[in-house]
Every structure is written in C-alpha cells, then in structure tokens.
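Each chain gets a letter, A, B and so on, in the order its sequence line appears, and its residues count up from 1. In this text, all values refer to a predicted model and were calculated from it rather than measured experimentally.
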Amino acid sequence: MPELPEVETVVRSLRRHVLGDVVESVWIGERRQPLKSSPSEIVSVLEAARIAAVRRMGKHIIMDLMIGPSGDRVIETGSRQRNSGQRFRSPDHPVTRSPDLSITRPADAFFIVHLGMTGRLLVARPDEPIAKHTHLIARLRSGRELRFIDPRMFGRLAVVREAFNTAGTEPLEIGFADFAALFRRRKTPIKSALLNQRLLRGVGNIYADESLFRAGIRPRRRAASLSRTELQRLYGSVRRVLKEAIAAGGSSVSDYVDASGERGLFQFQHRVYGREGEPCLVCGAPIKRVVIAGRSSHYCPKCQK
DNA sequence: ATACCGACCTGTCAGC
DNA sequence: TGCTGACAGGTCGGTA
C-alpha cells in the first residue's frame with residue numbers, strides 16, 4: 001500500500017501523537033511473519049524506551065529510542081543542564097513533548113517498521129476494539145496505544161541497536177545530476193528502474209505511473225534511452241508528484257490510513273493509475289494497462305512516447 | 001552484476 | 001449463494 005507520501009504522512013501523524021512518549025509494555029501476536037527480530041528482543045528493547053524521534057527513510061518508518069535511566073524518564077522542561085545525568089523528573093510529571101528536547105545524545109536503539117502492502121501503524125485508545133490482524137500493541141505512558149495491523153503480513157517490524165540505513169537516495173533530496181546518473185546505461189524499463197529501491201527509495205507503483213505520465217514517457221522505455229530533456233522532465237515530475245501527494249495526505253486506494261485513521265486524498269488526483277479504459281484527462285484517449293516486471297502499469301498511448 | 005518471476009499472505013470483487 | 005480467478009500500495013531469493 002504505502003509509498004513515500006503515505007509513509008511520510010504516517011510519520012507526521014505519529015510525531016504528533018507519540019513523540020516523547022514512553023513504552024510501558026508490549027504485546028505481540030502469534031504470527032511470526034511480520035517480525036524480523038525475535039519477540040523477546042523486541043520486548044526487551046521497546047519496554048521502557050522513550051520515543052525520541054520519528055523519521056522516514058524511503059518506505060521505512062524509524063523511531064529513535066532512548067533506553068535506560070535517561071530513556072524511561074521525562075526530561076524536565078526548561079532546566080536542561082549540560083552533561084547532567086540528574087535532569088529528569090519523576091515519571092508522573094506531565095509530559096511535555098518537544099523534538100528539540102528529546103535529542104540530547106545519540107539514540108540507543110531503533111524501532112524499524114515497513115508497512116508492506118497493507119500494514120497500518122495506528123495510535124488508538126485502549127478501549128478501542130482490536131482489529132483483526134493486529135500483530136503488535138505498544139502501550140504508552142500517556143495511556144495511548146501504538147498498534148501494528150497487517151492483513152497480508154508483507155509488512156515487517158524490527159529493532160536494531162546500530163544506526164539503520166538503506167540503499168538508495170531520497171527522491172526529494174537528490175540533485176538532477178545524480179538522478180540522471182542513476183539511469184545511465186541501464187537497459188531495464190524506466191518503470192522498473194523507478195521501482196528499484198536501491199536507486200531511488202520511496203517511489204512505488206502509483207507514483208512511478210503518475211510521474212511517467214506527467215513526464216510524457218512510456219513505462220516500457222529503456223532507462224538508458226531517455227534524453228536529457230526527458231530526464232529533466234522526469235526529475236521534475238517525480239518530485240512534484242511526491243510533494244503534491246504528501247500535501248494531500250497520500251493516496252487511499254482501498255485501505256490506507258495514517259496513524260490517526262485519516263484517509264488520504266491524492267487518489268482523486270491520479271491521472272493514470274487505476275484508470276484503465278477511462279479517457280486521458282489531457283487528450284481523451286483511453287488509458288492503457290500493461291504488466292511490467294509483474295506490476296500493473298498505466299499510461300496514455302498518445303501523451304506518452 | 002543484472003534482471004525477470006514466482007513466492008510470500010489475506011481480502012475483495014467480478015463473473016459465472 | 002457460492003465458487004473461481006484475477007488483482008492489490010512491496011520485497012525477496014532463485015534462476016537465467
């Protein structure tokens with residue numbers, strides 16, 4: 001389900017609801033497929049950890065965790081003393097959350113979540129019914145719960161103690177020269193190259209199709225065959241589409257929601273994805289659907305060359 | 001090294 | 001009503 005804009009939207013809503021909170025206890029379901037770390041490792045790292053940051057890396061959600069004496073206490077606001085280990089209030093003190101206050105030293109560990117196709121990370125009240133396919137619940141000191149739900153179980157959960165990184169470059173951070181270099185001498189279809197997370201991280205099936213439409217490039221074109229002008233159009237359209245989708249809260253094609261359960265709105269701005277047979281919004285020709293690298297690919301046969 | 005293709009899962013929907 | 005098959009936002013690992 002979730003590509004870069006959806007994951008970014010989830011991260012932003014998680015920041016509003018769990019940043020600075022502390023995990024009190026963790027429940028893990030029976031199914032093991034979603035777990036990339038052992039249940040005991042997940043419990044031992046998460047319990048008593050404070051969520052010091054929530055970030056996105058490609059399609060991964062990363063929570064920076066503070067563990068131990070400085071992790072499971074609330075930082076006292078307004079009295080930050082340099083290098084003092086005694087600047088924390090009791091756990092009962094009301095939590096004041098601020099991104100700046102939270103990072104006073106490197107994180108001790110990281111909670112990594114990939115939503116796969118149908119994964120959801122929801123912030124819920126304890127009395128809300130537990131959805132089918134719930135695989136993990138983290139109860140937080142604030143009284144809220146962070147729940148991971150994933151019917152198809154393509155999503156993954158892990159805890160790591162070293163800094164986490166993935167291959168690929170963020171499409172919203174890369175410059176044009178580096179972008180163009182990614183596709184040089186690549187014989188694979190440009191659609192496949194856009195989906196390759198080791199090149200760009202975060203672009204998925206919807207945004208690859210939408211970007212190629214806006215750039216006027218057919219998805220089957222060999223990546224290396226794109227002219228400099230076409231690469232410039234593609235560079236601009238990838239970034240524009242992703243930014244517009246983030247602003248719209250992502251695309252909710254069937255069941256995607258952010259951490260508060262809100263649906264996105266970008267599906268109403270799709271020009272080709274999911275529109276097979278419907279008229280092109282620019283020229284009226286029927287939108288075609290073909291399969292490339294096993295994925296549905298939608299394009300306008302007249303507007304895209 | 002690179003690039004397809006099936007496998008991994010469950011749910012939904014169209015067609016019969 | 002119920003069955004079957006196609007399809008779904010992603011990523012692996014095996015194979016060519």
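Here dA8(C) presents its P atom at 10 Å from CG of D209(A), a figure rounded to the nearest Å. One can place CE of M117(A) at 14 Å from C1' of dC12(C), the figure rounded to the nearest angstrom. Rounded to whole angstrom, the span from the NZ atom of K36(A) across to the P atom of dG13(C) amounts to 9 Å. Rounded to whole Å, the distance from NE2 on H60(A) to P on dG10(C) is 12 Å. When rounded to the nearest whole Å, the span between CD of Q33(A) and P of dA7(B) equals 17 Å. Put simply, CZ on R275(A) is 19 Å from P on dC7(C), counting in whole angstrom units. Distance D255(A) CG to dG11(B) C1': 9 Å, rounded to the nearest Å. Summarising the geometry, the separation between NE2 on H298(A) and C1' on dA8(C) is reported as 11 Å, rounded to the nearest angstrom.
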Test salt bridge (Lys or Arg N to Asp or Glu O under 4.0 Å) on R240(A) and E244(A) and set out the steps. CA-CA 6 Å; R240(A) 207 170 320 117; E244(A) 287 175 17; 5.4 Å; no

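R31(A) comes within 4.0 angstrom of the backbone, heavy atoms only, and of no base. Looking at heavy-atom distances under 4.0 Å, R186(A) makes contact with sugar-phosphate atoms alone, never a base. At the heavy-atom level, Y273(A) lies under 4.0 Å from the strands shown only through sugar-phosphate atoms. Residue contacts shown for G294(A) are absent, as no nucleic acid heavy atom lies under 4.0 Å away. S252(A) comes within 4.0 angstrom of a nucleotide base, judged by non-hydrogen atoms across all strands. At a threshold of 4.0 angstrom between heavy atoms, the contacts of P34(A) with the nucleic acid are absent.
When each of dG10(C), dA3(B), dG11(B) is scored by its nearest atom to the side-chain atoms of K132(A), the top-ranked nucleotide is dG11(B). Of all nucleotides listed (dT11(C), dT10(B), dA8(C)), dT11(C) comes nearest to the side chain of K59(A). Of the candidate nucleotides dC9(B), dC4(B), dA8(C), dC9(B) has the atom lying nearest to any side-chain atom of M153(A). Of the candidate nucleotides dG11(B), dC7(C), dC4(B), dC7(C) has the atom nearest to the side chain of R289(A). Checked against dG10(C), dA3(B), dT10(B), the side chain of E3(A) finds its nearest nucleotide in dG10(C). When each of dC4(B), dT11(C), dA8(C) is scored by its nearest atom to the side-chain atoms of H114(A), the top-ranked nucleotide is dT11(C).
Salt-bridge formation is detected for the pair E230(A)/R221(A): a Lys NZ or Arg NE/NH1/NH2 atom is positioned less than 4.0 Å from an Asp or Glu carboxylate oxygen. One finds no salt bridge joining R201(A) and E3(A) here, because no Lys/Arg side-chain nitrogen approaches an Asp/Glu carboxylate oxygen to under 4.0 Å. Using a cutoff of 4.0 Å between basic side-chain nitrogens and carboxylate oxygens, E170(A) and R239(A) are not scored as salt-bridged.
Within the structure, a side-chain polar atom (N or O) of Q197(A) is placed less than 4.0 Å from OP1 or OP2 of dT11(C). For H133(A), no side-chain nitrogen or oxygen approaches OP1 or OP2 of dC9(B) to under 4.0 Å.
Here F154(A) lies parallel enough and close enough to stack on the base of dC8(B), with planes under 30° and ring centres under 5.5 Å apart.
Centroid-to-centroid, the aromatic rings of F164(A) and H60(A) come within less than 6.0 Å.
For the atom pair L172(A) CG and L4(A) CG, the distance stands at 6.0 Å (nearest 0.5 Å). Separating the CG atom in L140(A) from the CD atom in E145(A) is a distance of 8.0 Å, to the nearest 0.5 Å.
S251(A) and Y273(A) are not linked by any side-chain donor-acceptor pair at a separation below 3.5 angstrom, with hydrogens and angles left out of the test.
Positionally, the nearest nucleotide of DNA chain C for R152(A) lies more toward the 5' end than for the other of R152(A) and L195(A).
A stem is defined here as three or more consecutive Watson-Crick or G-U pairs, each with both distances under 3.5 Å; for DNA chain B these stems are B:2-8 with C:10-16, B:10-16 with C:2-8.
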